[in-house]
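Inspection log for the structure reproduced underneath, given as structure tokens.
Protein chains get the first letters and strands the later ones, always in sequence-line order, with residue 1 at the start of each.
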Number of protein chains: 2
Amino acid sequence: MSERTDAPARPARGRRRMAHSLEAVLAEAIALLDEAGESALTFRALAARLGGGAASIYWYVSNRDELIDRATDEVMGRLLDDTADLTDGPDPVANLRDLSLALFEEMRRRPWFGSYMLRNTGQQPNSMLMFDRIGQQLMRLDLTPKQQFHAASSLVSYIVGVAMDMAQPPPKEFLDSGMQPAEFLASYADRWRALDPVDHPFAHHVADEFAVHDDEDVFRSGLDLLLAGVQVQARGHGRD
Amino acid sequence: MSERTDAPARPARGRRRMAHSLEAVLAEAIALLDEAGESALTFRALAARLGGGAASIYWYVSNRDELIDRATDEVMGRLLDDTADLTDGPDPVANLRDLSLALFEEMRRRPWFGSYMLRNTGQQPNSMLMFDRIGQQLMRLDLTPKQQFHAASSLVSYIVGVAMDMAQPPPKEFLDSGMQPAEFLASYADRWRALDPVDHPFAHHVADEFAVHDDEDVFRSGLDLLLAGVQVQARGHGRD
DNA sequence: CGAACCATAGAACGCCGTTCGATAGAGTGC
DNA sequence: GCACTCTATCGAACGGCGTTCTATGGTTCG
């Protein structure tokens, strides 16, 4: 009857015993994912955080997969909001670059995010919106629809590929040896240098670069290759 | 543990002679992965195929992760053998294209393969060899080592990204409705057409392309964008 | 013939996702 | 006030998983 005044705009509807809510479930799920990665997101751990039983979560979500889908889409939704102005620029290619970099930033913040970004966009409306936002910039270029579709798909594939790379948890030898990330990278490069030079000429050739590389540089670099290709295609404006 | 110490610990691909059972374990593991995907690869299922107990497998492999790593690397080893001649051509960029397409083909054959390709190349000597083989072609172009390293990484990321896409199991609605893949794709395109045209202009714009697209075309298309970017960079021959 | 070692496998542990049924509380009609 | 329904919660249990421990058969060799 009388409303609790603690609830702001969206009252969490009448508080029951252990009032959950879809919002709360997703918020804690995301927190769990952020703190300890995908394997840490279990129904029991989540329930403990929410202060209830594991079975209760099934009221809001029918599945662990659906839980992850919704969490991912929630994050994507926020990202859409935060980056709404990135497509205002006059140059569509520059806009694509900014948009992709924003995605990269989010993936760096949340290594789990990229891995689930593309699965089943049918279940992830916001991922679909992001895909469309990318495509809309490509529509502004002088390309055939097929070229535009291919370019959008390739861009997303590239981004997800990098995401997968970054989602790789650091090997435990790193966690054990309290090294700094830069130190570890350097010592990892030494392993490249220890490989047979006959079988691995390239590893030796670029070991120095590898030792000091920054993930964002690598990402930006590949992104620019892809976008350069798009621009070549747009100027050639023709066949596929 | 399971290795004799007399043989000069071969790096990776040398035929193992006495490790009769490790080969069997990996062969059955790969068969299981091929037939029913990653989730089907359980120690119990694998043991059943081998006609023994689950615990026995731990003699050959200390981990499920290691099992998957070894299976992946085994497949990569065969692929290295099968594609050894793809880098003989005079044009390094054409060679990269052929190599990438061979990887794509393998990923199409084995959707699970791409997902595990890049993890921990420290544990996957053959993946490292493949990475080097890609890099060797890039060494032949007029690029700085940094550019070469970035290009190799980006190429692999792109390939893995597409792999992730293809590793997505088809939604169960597809399996239920005995549709042909082409039919399903068309009906999926209808769902794009049913989206709000204001929010999803691009989806509507390319729905027709999406309805008839072929994964390999899309892959090849993005690959060519990337390689075109590399070529632009090589001709500009300079700064990053 | 017995010892040493390789290889196997049954049983159990703890964790997981998921299901089922019981039940407490809020809303509703009388 | 009361009974009834509907919503949301949760304890308990099921089956399956990776993994470990321990016991034990089979070979090889002195």
Could you tell me whether [X] and [Y] make a salt bridge, using a distance below 4.0 angstrom between a side-chain N and a carboxylate O?
X: B:E173; Y: B:R191; value: yes
X: B:K172; Y: A:D65; value: no
X: A:E35; Y: A:R110; value: no

Value in whole Å for how far the [atom2] atom of [N] lies from [atom1] of [X]:
X: B:W59; N: C:dC5; atom1: CH2; atom2: P; value: 12 Å
X: A:L22; N: D:dA8; atom1: CG; atom2: C1'; value: 14 Å
X: A:I57; N: D:dC10; atom1: CD1; atom2: P; value: 10 Å
X: A:Y60; N: D:dA8; atom1: OH; atom2: P; value: 6 Å
X: B:L46; N: C:dT8; atom1: CG; atom2: C1'; value: 14 Å

request  = Assign a letter to each nucleotide of nucleotides 10-22 of chain C from its 5' end: B, base within under 4.0 Å of a protein heavy atom; S, sugar-phosphate only; -, no contact.
outcome  = B-B---BBBBB--
query = When you look at A:Q123 and A:D69, which way does the side-chain hydrogen bond (donor to acceptor under 3.5 Å, both in side chains) test go after all the steps?
reply = CA-CA 7 Å; A:Q123 304 280 0; A:D69 275 342; 5.9 Å; no
remark   = Correct closest heavy-atom pair for B:A45 and B:A40 would be CB-O, 3.9 Å
message = Can you classify the ring geometry of A:F210 versus B:F149 as parallel (below 30°), tilted (30 to 60°) or perpendicular (above 60°)?
response = perpendicular
